[in-house]
Amino acid sequence: MNTYSVKNLIIASGIVFGGISLQAQQMSKQDSIRLSQVEVIKEFEVTLEEARKIAVNPEFIATERLNYPYSYQINASPVLMKYPAPEIRPLAMDTEPPFIVNRGYLSLGYGNLRNPSLAASYHFDRKELYNLLLGVNYDALNNEAAQPFQRYADLNIHASGNYLVQENMKAYGKINLGNQQRYFFQTHLPVDSLYTKEESLRNIRNLSLEAGVFNPERASDKMNYNIGMKVESAHFTDQNITSSSLELNFGLQKQRTAASQFGIDGKTGVESLSNTPEGSLRYMHLIPYLGFHFNKWRLKLGGNFFFDQNTTSPWPELDLLASISGHQLQLFAGTTQNWISNDPVNQYRENPFLNVRLDSLTNNVYRDIYGGVKGELGFISYQAKAGFKWSKNQAFFLNDSTDYRKFIQLHDDMTIVYISGNIDFAVSQKLHVGGWLTQNFYNPKNLEKAWHMPNFNANAYATYSTLNNKFSIRSELFLMDQVNFINLERIRETSNLRFDLNAVVTFRPVKNVGIYFRGINLLNNKYERWYGYPNVGVHFNAGVQVVF
């Protein structure tokens with residue numbers, strides 16, 4: 001140890017012991033007195049030689065004994081006891097204000113491409129007896145200044161609710177009325193010289209009704225049930241064709257033990273299309289199963305059976321979930337079977353420009369084997385999944401050679417290998433980021449390419465809020481890779497990439513009123529999901545939102 005270190009050690013020791021001495025000197029007056037008293041007692045010592053002996057002779061004082069006779073008499077008699085009524089006094093604290101329920105919502109906006117928007121809803125309820133939700137949505141856009149006939153308008157009116165018919169039985173119902181206006185604007189044709197606006201207009205008028213009953217709580221016999229019916233119809237004015245469907249569905253579940261149950265889910269129905277030679281298509285789908293649920297794993301095991309006029313398709317039903325580390329890491333795997341019809345009721349939601357005049361109705365049945373992981377790690381939730389599909393009668397779309405503005409359906413069997421995943425990351429209470437992606441590898445049996453089907457889809461988003469959630473920003477980036485199609489010269493091509501950025505800013509200056517500004521396709525990406533129908537360029541919409 002060098003001289004400098006020794007010197008420092010001596011100085012530090014002096015400071016420590018000096019502090020202790022100073023603290024001792026700061027004792028109170030009372031403590032000093034006590035110490036001095038103890039010292040005096042220690043200094044006073046008595047010796048035997050200095051003591052003087054005193055003679056003490058003890059005496060006993062005589063006492064007189066007295067004996068008294070005692071006698072007792074006890075009479076048993078009831079005693080009436082009265083207690084004062086309890087007095088309930090309020091706690092000495094302020095009560096919380098009643099919880100305010102906002103029943104109504106209204107959003108009104110307008111944009112630079114003559115695009116008005118409206119969203120309104122109102123909710124009625126009476127405890128557990130009934131609830132009813134009414135709503136209306138409207139959205140329109142007009143870009144004819146840049147591209148003839150590039151415009152649309154969508155209107156939807158809907159209502160849904162349920163009613164307690166009797167104890168542990170509720171009836172539910174839903175209704176949707178809609179009208180979509182679509183124009184066949186096809187950018188690769190001089191549509192404004194070949195067709196009038198009326199000849200390019202398609203109205204899609206759709207109606208959907210649902211009704212059924214179910215038990216909201218498990219019955220005394222440990223049986224759960226739901227039984228329902230759905231009717232749906234869509235009319236395409238340009239071709240005067242109506243597509244309709246009627247479906248009955250049910251589900252029954254019996255709890256055998258605390259950890260096991262068995263049940264069956266099923267659907268049966270009929271689909272029809274006017275001006276189609278075969279007329280209608282009937283089907284049935286049944287899934288009987290056994291379920292087991294224990295502390296760290298869950299298993300559903302059963303059969304999956306699909307039938308129609310053309311197909312009989314049995315398949316195993318399996319869904320396994322195992323917890324490796326609570327909610328942090330879970331493994332899942334399974335296999336299932338599902339289907340979708342090429343009926344225009346289903347297909348127009350994906351492609352509103354299709355030719356709805358079909359020779360026949362078919363069902364696309366696909367089988368899926370999958371596995372993956374999911375979980376939550378504090379502020380991160382995630383899921384990753386991979387699988388293999390066999391798809392029978394898969395629908396593909398190509399431009400119609402008889403009317404290039406519309407798309408026809410082609411069908412082929414296909415295998416698909418896919419990978420998908422999603423993640424949500426709470427950076428802080430104010431900032432959230434996340435997204436999802438799906439990568440498909442298509443292998444059609446007979447077709448050259450999986451026409452108009454994207455291999456890759458992704459979405460990334462970020463939300464930020466501040467000022468007690470009065471100010472918020474949400475941005476979204478949509479990605480989609482190139483799709484294959486056959487152009488007007490009958491040559492195979494691939495489209496450009498989709499790189500679509502949207503953002504919305506919302507500010508609520510008062511409690512139930514907010515204003516918003518939305519930017520759509522800010523990168524001005526002209527992606528053609530359907531050949532000849534590019535995205536509308538950059539545009540904006542702003543408005544007000546009210547909760548009441």
Side-chain angles (χ1 to χ4, degrees), residues 99 101-107 119-138 154-180 204-235 243-255 261-272 282-289 291 293 300 302 304 306 317 319 336 338-341 343 345-346 348-349 547-548:
F99 183 71
V101 178
N102 295 311
R103 298 181 179 274
Y105 172 76
L106 176 64
S107 175
S121 63
Y122 196 82
H123 180 251
F124 303 87
D125 66 62
R126 183 179 175 185
K127 292 186 178 181
E128 296 183 357
L129 181 60
Y130 70 87
N131 67 71
L132 175 64
L133 177 65
L134 304 177
V136 60
N137 297 88
Y138 179 76
D154 292 342
L155 173 66
N156 178 261
I157 302 171
H158 55 89
S160 62
N162 59 64
Y163 182 82
L164 186 64
V165 179
Q166 62 183 30
E167 184 179 359
N168 205 21
M169 175 185 286
K170 280 190 175 183
Y172 69 90
K174 299 180 182 178
I175 180 171
N176 275 277
L177 294 169
N179 185 76
Q180 296 186 11
I204 307 172
R205 297 167 182 162
N206 62 289
L207 168 67
S208 174
L209 296 171
E210 290 185 58
V213 294
F214 67 98
N215 62 316
E217 299 178 0
R218 190 182 301 278
S220 57
D221 58 358
K222 298 183 180 180
M223 178 73 76
N224 288 331
Y225 67 89
N226 66 79
I227 303 172
M229 177 184 68
K230 181 178 181 180
V231 179
E232 192 168 8
S233 176
H235 181 70
S243 175
S244 304
S245 66
L246 169 65
E247 181 179 87
L248 302 176
N249 59 80
F250 65 91
L252 300 173
Q253 185 186 81
K254 172 70 174 181
Q255 193 74 27
Q261 63 275 334
F262 66 86
I264 182 171
D265 295 324
K267 294 180 180 180
T268 183
V270 59
E271 299 170 340
S272 64
R282 295 175 298 277
Y283 63 87
M284 177 177 290
H285 191 197
L286 298 174
I287 307 176
Y289 63 89
H293 187 193
K300 179 181 178 181
N304 193 311
F306 180 82
E317 181 77 10
D319 185 17
T336 189
N338 218 324
W339 59 277
I340 187 172
S341 172
D343 190 316
V345 166
N346 297 317
Y348 87 87
R349 295 184 178 92
V547 178
F548 56 93

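Across A234 and Y348, no two heavy atoms sit closer than the pair CB-CE2, 4.3 Å. Summarising the geometry of S121 relative to L133, their closest heavy-atom pair is CB-CD1, 4.2 Å, with the distance given to 0.1 Å. Among all heavy-atom pairs drawn from L106 and A120, the shortest one is CD1-CB, 3.8 Å. Nearest heavy atoms, F214 versus N226: CB-CB, 3.9 Å. In this structure, G251 and D265 approach most closely via the heavy-atom pair CA-OD1, 3.5 Å. Between N168 and Y225, the shortest heavy-atom distance links the atoms O-OH, 3.9 Å.
In this structure, Y138 OH and L155 CG are separated by 7.5 Å, a value rounded to the nearest 0.5 Å. Taking CG of L129 as the start and CG of L164 as the end, the distance is 6.0 Å to the nearest 0.5 Å. With rounding to the nearest 0.5 angstrom, the CZ atom of F124 is 8.0 Å from the OH atom of Y130. For the atom pair CG (N162) and CD (E128), the distance works out to 10.5 Å, reported to the nearest 0.5 Å. Note: K300 NZ to D319 CG = 7.0 Å, rounded to the nearest 0.5 Å. Rounding to the nearest 0.5 angstrom, the gap separating the CG atom in N176 from the CG atom in N156 is 5.0 Å.
Put simply, the side chain of N304 never gets that close to the backbone of E317: no donor and acceptor are under 3.5 Å apart. Of the possible polar contacts, none joining the N206 side chain to the Q180 backbone as a donor-acceptor pair under 3.5 Å is found.
Looking only at side-chain heavy atoms (C-beta outward), N224 and Q261 stay at 4.5 Å or farther from each other. A heavy-atom distance below 4.5 Å is not found between the side chains of V270 and S245. With contacts defined as side-chain heavy-atom distances shorter than 4.5 Å, the pair R103/D125 qualifies.
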Kindly determine whether Y289 and Q253 satisfy side chain to side chain contact (heavy atoms under 4.5 Å, CB included), including the steps that lead there. CA-CA 9 Å; Y289 63 89; Q253 185 186 81; 3.5 Å; yes
Given Y122 and F548, is the side chain to side chain contact (heavy atoms under 4.5 Å, CB included) satisfied, shown in steps? CA-CA 9 Å; Y122 196 82; F548 56 93; 3.7 Å; yes
Dump the intermediate steps for side chain to side chain contact (heavy atoms under 4.5 Å, CB included) on L252 and F262, then the final yes or no. CA-CA 8 Å; L252 300 173; F262 66 86; over 6 Å; no
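Under a cut-off of 6.0 angstrom, the local environment of OH in Y163 is sparse, with at most 12 non-hydrogen atoms contributed by other residues, nucleotides or ligands. Crowding of R282 atom CZ: a count of heavy atoms from other residues, nucleotides or ligands under 6.0 Å not exceeding 12.
When only modelled atom types and interatomic distance are considered, Y283 and E247 share a side-chain donor-acceptor pair under 3.5 Å. With hydrogens and angles left out, the side-chain atoms of N102 and H123 include no donor and acceptor closer than 3.5 Å.
Of the residues listed (E232, H158, K174), the one engaging S208 in a side-chain contact (heavy atoms from CB on, under 4.5 Å) is E232, and it is the only one.
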